[in-house]
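What follows is one structure encoded as structure tokens, with my remarks underneath.
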Amino acid sequence: MIDVRLIREDRAAVAAALGRRGVEPAEVDRVAELDETSRHLLRAQEALRVQVKELSRQVGEARRTGDQPAAASLSAESRALGEREREAAGQAELAQASLRHALLLLPNLPSDEAPDGAGAEDNVEIRRWWPAIDEGAEAPEFADHQRVPHWEIGEQLGILDMERGAKLSGSMFPLFRQMGARLLRALSAFALAHHVDAYEEIRPPSLVLTDTMTATGHLPKFSDEGYHIERDDLWAIPTAEVPLTSLYRGEIIDEASLPMRFCAVTPCFRREAGAAGRDTRGLLRIHEFDKVELMAYATEAQAASVHADITARAEGLLQELGLMYRVLDLCTGDLAAPSARTLDLEVFMPGEDRFWEVSSVSWYRDYQARRANVRYRPSSGGQPVLVHTLNGSALAWSRVWPALVETGRQPDGSVRLPDCLAPYLGGETVIRPV
RNA sequence: GGAGGGAUGGCAGAGCGGACGAAUGCGCGGCUCUUGAAAAGCCGUGGGACCUCGGUUCCCGUGGGUUCGAAUCCCACUCCCUCCGCCA
């Protein structure tokens, strides 16, 4: 969430910044009013509290000096005051809760660098890459044998069985077989191996508490998107970002250990409630997929270079895999609520003849850290400061798998995989029909 | 799942109804002494919120309750440890 003090000090500036992403000024006004009310009630309650404490002290003193009548009357007075204090405390608490609730629903302030825009159509493409572009190669022409959607290839080669996946779990739960399954495992190992130099490998739980989901901004607003296990009140994570961001929830980190960087491969679960009927073929939109995620805590000064590092690492993987992709600077209207700036990596899928997002590298400033209460102690001493959080998929396999299979398809129908995966596939990089 | 024990500041650990945001030790920071270091001594050292920036208030696992007053008493829950059962 954003700092309520910003609204207190310069409401117009906050309204203007949030206006860039389509938030009505009235919403900011509402928060300002709730803040006003809440502080007013808090002051009233504390004033009563002071009196109760003072009277209690006097009761104790009267008792000690043996002045029973005075003690009794002071005690009665304090009891009456305590009654009022309890009432005031209840009101103050209620006001604080509604303030927090309203604040949690407010999106982050967009970064100045984020381009203005209303929706996905206004995102700005900042670069495009394809194999050998450095040597002056033209954008690749894809042949007809590559213009086959991956679900058809998957069926031909016996490596993707969407029907049996649906039999087990319903539609949009994929089932991979043979080299299809091995390819997934290879991709995870490949990606993790590339980041362990600077990113600590974590294997977090896949089910988390409501607090953990709230810290990243996935709750309370987007509860429809999450799988919830009612019996135990646990949520299936939609991305490793959720557990990783909460790793140091409520803790104070030494500045010297920043930036702290983590990577993890986890399953990701998404209900896709708002997308029913869209992109339903193959792996484009599914309820469960594996993804390797990079995540970092950083100081404000470190944030830009960490953001660049995560982006470069995600791009590096795509380049090694030889896949054509483009980088989009998300406009204010398309930015996810907690993000101040996001670069999307989209890979080209010849079978679908379009680009699909495979990675989203985001800088959240202190928006998530304030929810999660993750701070660092400055080396120079002084008060703890909220960290900045950043993260990016180091590739979502449900979108990379199709791109690899479509791009690598040969005229004879087999699929040639990039050589860099050979060590993770036992040396076998060709998938042939069975 | 059953039985018992526990949860207090960066760590260890006292406190068990009133001057306790909390003894003491360690750690950490500053200073004194010293050629320097060590030792010794002195001082300081948690977090949040609010305001009239000097204060006020809240926080002793979490949430309720009792009381004029709760770290301290009561209830519920969570987590950790030990033992038993079950189990990948």
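The structure presented is a predicted model; accordingly, all values stated were derived computationally and were not measured. By convention in this document, chain letters (A, B, ...) are assigned in the order of the sequence lines, proteins followed by strands, and residues within each chain are numbered from 1.
Comparing A:Gly60 and A:Pro384 against RNA chain B, the residue whose closest nucleotide sits nearer the 5' end is A:Gly60. Both A:Leu55 and A:Asp35 lie near RNA chain B, and the one whose nearest nucleotide falls closer to the 5' end is A:Asp35.
When each of A:Glu357, A:Gln319, A:Glu346 is paired with A:Tyr325, the side chain to side chain donor-acceptor pair (under 3.5 Å) condition holds for A:Gln319 and for no other.
Nucleotide B:rG1 forms a Watson-Crick or G-U wobble pair with B:rC84, both donor-acceptor distances falling under 3.5 Å. The base-pairing partner of B:rC68, taking Watson-Crick or G-U wobble contacts with both distances under 3.5 Å, is B:rG18. The partner of B:rU56 is B:rA49, judged by Watson-Crick or G-U wobble contacts that both fall below 3.5 Å. Pairing partner, B:rC31: B:rG41, with both Watson-Crick or wobble hydrogen-bond distances short of 3.5 Å. In a base pair of the Watson-Crick type (N1 to N3 plus N6-O4 or O6-N4) or a G-U wobble (N1-O2 and O6-N3), with each distance short of 3.5 Å, B:rU78 is matched with B:rA7.
No side-chain donor from either of A:Glu87 and A:Gln91 sits under 3.5 Å from a side-chain acceptor of the other. With hydrogens and angles left out, the side-chain atoms of A:Arg409 and A:Gln156 include a donor and acceptor closer than 3.5 Å. Judged by distance alone, the side chains of A:Thr216 and A:Glu241 never bring a donor and an acceptor atom under 3.5 Å apart. Between the side chains of A:Trp401 and A:His150, no donor-acceptor pair of N or O atoms lies under 3.5 Å.
Distances were taken from every side-chain heavy atom of A:Val50 (C-beta onward) to each of B:rC50, B:rU56, B:rC68; the shortest belongs to B:rU56. For A:Arg377, whose side chain is taken as the heavy atoms from C-beta onward, the closest listed nucleotide among B:rG18, B:rA49, B:rG46 is B:rG46. Nearest nucleotide to the side chain of A:Arg49, out of B:rU56, B:rG47, B:rC58: B:rC58. The side chain of A:Lys53 has B:rC58 as its nearest neighbour among B:rG64, B:rG69, B:rC58. Distance from the side chain of A:Val59 is smallest for B:rC68 among the nucleotides B:rC68, B:rG48, B:rU56. Which of B:rC50, B:rG64, B:rC68 sits closest to the side chain of A:Arg79 comes down to B:rC68.
Between the CZ atom of A:Arg64 and the P atom of B:rG18 there is a distance of 9 Å, given to the nearest Å. Rounded to an integer number of Å, the gap from A:Glu54 CD to B:rG18 P is 18 Å. Distance CD (A:Glu36) to P (B:rC50): 12 Å, rounded to an integer number of Å. One atom, CD1 of A:Ile252, and another, C1' of B:rC28, lie 15 Å apart when rounded to the nearest Å. At whole-Å resolution of the value, CG in A:Leu209 and C1' in B:rU62 are 13 Å apart. In this structure, A:Glu46 places its CD atom 7 Å from C1' of B:rA49, rounding to the nearest Å. Taking atom CG of A:Asn373 as the reference point, atom P of B:rG46 lies 17 Å away to the nearest angstrom.
Residues A:Arg313 and A:Asp197 are paired through a salt bridge, judged by an N-O separation under 4.0 Å between the basic side chain and the carboxylate.
Residue A:Arg8 has a polar side-chain atom (N or O) positioned under 4.0 Å from OP1 or OP2 of B:rC50.
You won't find any donor-acceptor pair under 3.5 Å spanning the side chain of A:Arg375 and the base of B:rG47, going by distance alone.
Using a 4.0 Å heavy-atom distance criterion, A:Gln383 is classed as a sugar-phosphate-only contact.
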